[in-house]
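Reviewing the structure listed below.
All of these numbers come straight from a predicted model, not from anything done at the bench.
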Amino acid sequence: MSERKDEGTLTLLGNKNNTYPDNYAPEMLQTFINKHPDNDYFVKFNCPEFTSLCPITGQPDFANIIISYVPGEKMVESKSLKLYLFSFRNHGDFHEDCVNIIMKDLIKLMEPKYIEVWGKFTPRGGISIDPYCNYGKPGTKWEDVAWQRLMNHDMYPEKVDNR
């Protein structure tokens with residue numbers, strides 16, 4: 001059996017001695033090799049317990065962060081993603097900034113064919129904010145997909161009755 005290219009690089013998976021970062025920590029993110037880079041398929045993560053801080057008031061903001069991507073050569077390891085998202089807990093940024101930072105960090109990390117990040121934040125002051133951002137690799141069909149998904153994003157929004 002041949003040695004995997006990513007063997008030894010996943011230091012968090014299976015490690016019971018986790019260190020939870022106390023502020024924004026993109027260095028927590030780790031990847032592994034996509035065994036099916038010729039297939040176009042979505043990987044979707046839901047993080048219903050995302051928290052960050054309002055940069056003005058310091059009050060906590062709560063959200064469900066949804067990340068969907070079509071991997072290229074690399075994929076994000078889920079435990080490292082969990083710890084990375086946890087690192088926003090004491091980080092002060094607006095909702096729109098959080099989703100864009102997450103997307104840009106994952107693009108830099110994995111170079112996906114396509115990625116989208118959607119934050120569904122709970123209301124504060126009687127209003128909820130649901131920022132959405134996406135990216136398609138330039139010069140590929142995924143660049144067009146990103147534009148079309150952005151143009152048609154949230155055409156039929158869900159009924160919001162419990163946030």
Side-chain angles (χ1 to χ4, degrees), residues 12 18 20-32 34 40-163:
L12 298 172
N18 295 321
Y20 289 88
D22 59 3
N23 208 337
Y24 171 67
E27 67 275 7
M28 298 300 294
L29 291 167
Q30 296 182 350
T31 63
F32 62 96
N34 178 9
D40 289 339
Y41 61 99
F42 272 95
V43 176
K44 184 175 182 180
F45 294 101
N46 291 293
C47 180
E49 298 175 346
F50 179 85
T51 58
S52 61
L53 297 177
C54 173
I56 306 301
T57 66
Q59 292 181 340
D61 291 316
F62 302 91
N64 181 20
I65 299 291
I66 300 117
I67 301 166
S68 294
Y69 75 99
V70 177
E73 297 294 323
K74 295 186 240 174
M75 301 176 74
V76 66
E77 191 278 314
S78 61
K79 184 173 183 181
S80 76
L81 179 63
K82 176 182 80 168
L83 293 171
Y84 164 74
L85 293 172
F86 181 88
S87 79
F88 281 82
R89 185 176 182 92
N90 294 316
H91 178 74
D93 244 329
F94 292 114
H95 304 344
E96 299 85 352
D97 296 322
C98 289
V99 299
N100 277 282
I101 290 167
I102 292 166
M103 183 184 74
K104 288 177 180 179
D105 285 345
L106 291 172
I107 290 168
K108 182 178 177 185
L109 177 77
M110 301 184 294
E111 299 179 16
K113 296 175 186 178
Y114 174 82
I115 188 168
E116 60 188 32
V117 179
W118 194 350
K120 296 187 174 194
F121 286 80
T122 56
R124 275 204 304 117
I127 191 168
S128 62
I129 302 173
D130 294 348
Y132 170 88
C133 58
N134 74 4
Y135 160 88
K137 193 169 194 171
T140 70
K141 66 183 175 185
W142 295 103
E143 185 175 27
D144 295 332
V145 169
W147 179 247
Q148 288 302 315
R149 285 179 76 101
L150 185 64
M151 294 301 298
N152 294 301
H153 172 71
D154 218 10
M155 293 281 292
Y156 305 101
E158 79 279 8
K159 179 181 175 188
V160 178
D161 60 4
N162 63 350
R163 288 196 280 149

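The shortest distance between side-chain heavy atoms of D105 and Y24 falls below 4.5 Å. Under the 4.5 Å side-chain criterion, counting only non-hydrogen atoms from C-beta, Q148 is in contact with N152.
Between the CD1 atom of I115 and the NZ atom of K104 there is a distance of 12.5 Å, given to the nearest 0.5 Å.
In this pair, Y132 and W118 present their aromatic rings perpendicular. The plane angle is above 60°, beyond the 30 to 60° band.
Heavy-atom neighbours of R124 CZ from other residues, nucleotides or ligands within 6.0 Å: above the threshold of 12. When the shell of 6.0 Å around CD of E49 is examined, it contains 12 or fewer heavy atoms from other residues, nucleotides or ligands.
When all heavy atoms of G136 and A146 are compared, the pair lying nearest together is N-CB, 3.4 Å.
Exactly one residue among D61, D93, I101 makes a side-chain contact (heavy atoms from CB on, under 4.5 Å) with S52. That residue is D61. Each of R149, E143, M151 was evaluated against W147; a single residue qualifies, M151, per the side-chain contact (heavy atoms from CB on, under 4.5 Å) test.
Side-chain atoms of S80 come within 3.5 Å of backbone N or O of E77 as a donor-acceptor pair.
Applying the salt bridge (charged side-chain N to carboxylate O under 4.0 Å, His left out) rule to K141 yields the partners D40; only residues at least two apart in sequence or on another chain are considered. With sequence neighbours excluded, no residue forms a side-chain hydrogen bond (donor to acceptor under 3.5 Å, both in side chains) with N90.
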Enumerate donor-acceptor pairs with a distance under 3.5 Å from any side-chain N or O in residues 63-73 to protein atoms, sequence neighbours excluded.
from : atom 1 : to  : atom 2 : distance (Å)
Y69  : OH     : V76 : N      : 3.2

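Between Y114 and Y135, the distance from one ring center to the other does not fall under 6.0 angstrom.
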Requested in this report: Give the intermediate values and the outcome of side chain to side chain contact (heavy atoms under 4.5 Å, CB included) for residues F45 and L106.
Outcome: CA-CA 13 Å; F45 294 101; L106 291 172; over 6 Å; no
